[in-house]
Amino acid sequence: MLLNRNALKCCSGQLNCPRRAFLPAKPVGCGRPAVTRNSRRLAVAVKAQEQEFGLAPAKPKTPYGEMLQYYLRMEPQLFRAAVDQQLVRMKEEKDAKDAAAAAAASADESGDEAGKQQRSKSELVLYQRMEEVRAMEVRATLEDLMYVSILEKFVLLQVEMLPRLDGFVDAGPANLVALTEGIHSREALELVREHMLGVMGAAASAKFSTELIKMSKFQMAQVYAASIMFGYFLRRVDTRFQLEAALGVLDERSQEEAVARLERLFAQADDLDVSSDPDAPGPIVDILGSQEEEDPIPSSSSSDSSKASSSSSSSSSSGSSEAGSSEAGSRPRGPVRSDSSRGRSALRKYIEGFDQATMIDTARVVSAEGAALVERQTTALFGDIKELTQQMQEAVGQDVSSAEELYSRIQRAVQTNAIETVTMTIATQRRCVLEAVAFGTFLRDVETSVNTDYGLLTPLPPPTLPPGAAEDPRMGV
């Protein structure tokens, strides 16, 4: 029998070979199948990938953001504790930094000239650069924390977010009821419907939602960003509207009457605190319910007047307790008065009463982190906005003389694929708009929570107001 060289070396001891190398193998099919550690890991990974929830395509920029996203996907019970812990740590670090800066400022004011001379110019420059790098790291971590917190709200609604939109997009069905009624109040839903009609036109109310629409990515990115800003604006306005409605100062009265009404409300609240029966109906219900009696809600049901008055009083009492924390959590609730039978909702009439300065201040993003997240989400879905803008400018040209010519050139560029385009159904476009509005609403909720409880946001400078316009001090971060 002939043996090869390796077999001879193994027999002579020159080659390290297992003792059972030349034993006959088991017949195929006998015994348990071999399951290695790698195969187990692969099976777990495949199973986790199949069960992953559809989150936004944007990726975290920091290691802590990656850890939070992992918690949100795989260990959701640990997510909220990790977020709160990191926020507390960042607040403590900020407080320590502010205390050190105040101590240094007081030392400089005391006239320590010797200490100033000992600090060389290079040391000061190096220290300032280190502080700038650290501030950038803290801001990036805070942005990731806020972004993943927004994604958590979509997970709680059990609504998967859209993937990156390229070419033909088939996103599949989505829970549009959760994207609307699960987020916005009744009054805000009417404005959301008007916004969809404004950005989608007749396609928003089309009966057949499977019809395909082809448009430029630049146009769709503009619609998505505008819808985010609309949702952000809507949350700010609706929260203010619900709070004033709950306090009974929504109707058009003088400032003195509104102050007197609030004083009576606070006095009755003190009396309710010392009541022996906490469940007994107190005078607060009568105060808040008197507004409903002065301007009753037109009802289409045939119930008697006593049942209607009791239901309005109960909704008023529940709204007064929830309006204060509505912006930092779920959708705001409270006593709202619908004017839909007369053509306009009460919230729309409330917004139309804003002056120019209040409208400008309300429609802006108040923090640098919020503005960065709007850009991050839009870029993750559609690509670099600057490149899309440059493509559109090159395709349209600079010699456009009318709006009709601009529209025709854009349509020609879309048909010839001269610019990047996206094709989707009407249902997907509707879902895209509603997701953007929800993203803006959640952004405002997270922004308010972070700033109210921890004070970590970087405020943006206020906008330049036109001459003669006074800024409303009630609207801010």
Side-chain angles (χ1 to χ4, degrees), residues 54-59 159-174 176 179-180 191-234 363 371-440:
L55 298 179
K59 302 299 181 182
V159 175
E160 296 190 3
M161 301 186 69
L162 290 171
R164 183 178 177 87
L165 303 180
D166 284 322
F168 178 77
V169 179
D170 185 11
L176 299 185
L179 279 177
T180 52
L191 297 184
V192 173
R193 188 180 300 108
E194 294 179 5
H195 173 74
M196 287 190 59
L197 291 173
V199 299
M200 294 182 60
S205 57
K207 296 183 179 180
F208 301 100
S209 58
T210 57
E211 182 181 355
L212 295 178
I213 299 177
K214 184 178 181 180
M215 66 182 67
S216 66
K217 293 180 66 174
F218 175 76
Q219 290 177 304
M220 196 60 208
Q222 284 185 322
V223 171
Y224 194 90
S227 299
I228 291 179
M229 296 303 301
F230 172 78
Y232 185 92
F233 163 80
L234 185 62
L373 293 184
V374 174
E375 182 179 359
R376 179 192 294 193
Q377 176 67 10
T378 308
T379 303
L381 285 177
F382 302 98
D384 192 356
I385 305 301
K386 294 182 179 180
E387 294 181 0
L388 297 177
T389 304
Q390 185 178 0
Q391 289 180 6
M392 182 63 70
Q393 291 176 350
E394 294 176 354
V396 172
Q398 303 294 334
D399 56 343
V400 179
S401 58
S402 62
E404 292 77 7
E405 184 180 0
L406 176 63
Y407 178 77
S408 62
R409 292 190 180 185
I410 293 177
Q411 289 297 109
R412 191 184 312 114
V414 170
Q415 296 299 329
T416 59
N417 293 326
I419 55 179
E420 294 188 38
T421 60
V422 58
T423 304
M424 63 180 68
T425 61
I426 295 178
T428 303
Q429 187 183 17
R430 186 185 299 117
R431 174 184 172 182
C432 186
V433 173
L434 291 177
E435 178 189 297
V437 175
F439 187 91

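Along the sequence shown, residues are numbered consecutively beginning with 1.
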Quick one: [atom1] on [X] to [atom2] on [Y], what's the gap to the nearest 0.5 Å?
X      : Y      : atom1 : atom2 : result
Asp170 : Thr423 : CG    : OG1   : 12.0 Å
Leu165 : Met220 : CG    : CE    : 7.0 Å
Leu434 : Gln429 : CG    : CD    : 11.0 Å
Met161 : Gln377 : CE    : CD    : 4.5 Å
Thr428 : Phe168 : OG1   : CZ    : 7.5 Å
Met424 : Leu162 : CE    : CG    : 7.5 Å

If I compare all heavy atoms of [X] with all of [Y], which pair ends up nearest, and what's the gap?
X      : Y      : answer
Lys59  : Arg376 : O-NH1, 4.2 Å
Leu179 : Glu435 : CD1-N, 4.3 Å
Tyr224 : Cys432 : CD1-SG, 3.3 Å
Arg164 : Leu381 : CG-O, 3.5 Å
Ser227 : Ala436 : CB-CB, 3.4 Å
Gln391 : Glu420 : NE2-OE2, 3.1 Å

Verify side-chain contact (heavy atoms from CB on, under 4.5 Å) between Ile426 and Met200, making sure each step is shown before the conclusion.
-> CA-CA 9 Å; Ile426 295 178; Met200 294 182 60; 4.1 Å; yes
Using the test ring-ring contact (aromatic ring centres under 6.0 Å, His included), find all partners of Phe218 that sit at least two apart in sequence or belong to another chain.
->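 Not a single residue meets the ring-ring contact (aromatic ring centres under 6.0 Å, His included) criterion with Phe218.
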Not counting sequence neighbours, which residues clear ring-ring contact (aromatic ring centres under 6.0 Å, His included) with Phe230? List them please.
->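 ring-ring contact (aromatic ring centres under 6.0 Å, His included) check on Phe230 returns His195.
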Side chain of Arg431, backbone of Ala171: donor and acceptor closer than 3.5 Å?
->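 Yes; judged by distance alone, with no hydrogens or angles, the pair exists.
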Is the backbone of Glu375 close enough, under 3.5 Å, to the side chain of Thr378 for a donor and an acceptor to pair up by distance?
->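 Not a single qualifying donor-acceptor pair exists.
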Do [X] and [Y] come within less than 4.5 Å of each other through their side chains, counting heavy atoms only?
X      : Y      : answer
Val437 : Met196 : no
Gln222 : Ile385 : no
Val414 : Met215 : no

Does any pair with a residue in residues 380-390 pass side chain to side chain donor-acceptor pair (under 3.5 Å), and if so which ones, sequence neighbours excluded?
->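 For residues 380-390: Gln390-Glu394.
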Determine, stepwise, if the pair Lys217 / Ile419 fulfils side-chain contact (heavy atoms from CB on, under 4.5 Å).
-> CA-CA 8 Å; Lys217 293 180 66 174; Ile419 55 179; over 6 Å; no
